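Working notes, beginning with the structure itself.
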Amino acid sequence: MRLFLLIFGAFSSVFASMDVQLADTDFLERAINFIIFVAILWFLVAKKAKAFFAARRNKIAERLLEVQEKLKQAKKNKEQALRKLEEAKEVAAEIIANAKREAYMIAQKMEEQSSVDIENMIKNTENLMEIERKKMEKEVVSEILEEVFKESKINAAEYVKILEKKVV
């Protein structure tokens, strides 16, 4: 209806400003035909146009809902990813702490093992020195005995004296 009034107002203002007599032209018939044409066109197309625009509005609303759902899902995924990141950071910190503890324990064990090894090496060296000392004593005794047996003029008391002199 507004469209009809707008068109009628436009045509009447055009003709009001002209010096032409309406009775001399077929403008009035053409205007009426045009108005009838627009009314028929409106009557035929209005429902389809309204349906088209309503469908388009619904599609836009559906797309908007889909986009909002995707946005919500993306926010949830982001929150989950952030939570997993925090959990991963905590796990990494725990792994690092465990690794440091294990490294400290291994270092302690290595230090203890090293000290035990050093003690064993010292004992072994002392044992070797004792063995070498006994070996040297046997060699000295054997040298002395060889000298004594070569001369064979010495009695047992003299053997003991000679041994005491060489050993001590």
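In this text the structure is predicted, and so the values were computed from the model without any measurement. Sequential numbering from 1 along the given sequence is applied to the chain's residues.
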Spell out, yes or no, whether Met129 and Met136 are grouped together once hydrophobic residues are joined by side-chain heavy atoms under 4.5 Å, including indirect joins.
no

Atom pair CD/CD of Gln80 and Gln73 - distance to nearest 0.5 Å
7.5 Å

Report yes if the side chains of Val38 and Phe34 come closer than 4.5 Å at any heavy-atom pair, otherwise no.
yes

Within this structure, what is the NZ-CG distance for the pair Lys70 and Asn77, rounded to the nearest 0.5 Å?
13.0 Å

Going through the checks in order, is the salt bridge (Lys or Arg N to Asp or Glu O under 4.0 Å) test met by Arg133 and Glu137?
CA-CA 6 Å; Arg133 189 179 61 81; Glu137 285 177 1; 2.5 Å; yes

What's the separation between atom CG in Leu64 and atom CD in Glu69, rounded to the nearest 0.5 Å?
10.5 Å

Does some side-chain heavy atom of Glu126 sit less than 4.5 Å from a side-chain heavy atom of Glu130?
no

With Glu94 as reference, evaluate Asn98, Val91, Ile96 under the side-chain contact (heavy atoms from CB on, under 4.5 Å) test and give the passing residue.
Asn98

Is Val116 linked to Met110 within one hydrophobic cluster, defined over Ile, Leu, Val, Met, Phe, Trp and Tyr using a side-chain heavy-atom separation of less than 4.5 Å?
no

Can you tell me how far apart CD1 (Ile118) and OG1 (Thr125) are? Round to the nearest 0.5 Å.
11.5 Å

Does a sphere of radius 6.0 Å around CZ in Arg63 hold more than 12 heavy atoms from other residues, nucleotides or ligands, not counting ones at 6.0 Å or beyond?
no

Spacing of Arg56 atom CZ and Ile60 atom CD1 [to the nearest 0.5 Å]:
4.5 Å

To the nearest 0.5 Å, what is the distance between CD on Gln113 and CD1 on Ile106?
13.5 Å

Among Ile32, Asp26, Leu28, which residue satisfies the side-chain contact (heavy atoms from CB on, under 4.5 Å) criterion with Arg30?
Asp26

ILVMFWY cluster membership beyond Met105 - transitive side-chain contacts under 4.5 angstrom:
none

For the hydrophobic clusters of this structure (ILVMFWY residues joined by side-chain heavy atoms under 4.5 Å, transitively), does one cluster hold both Leu41 and Ile36?
yes

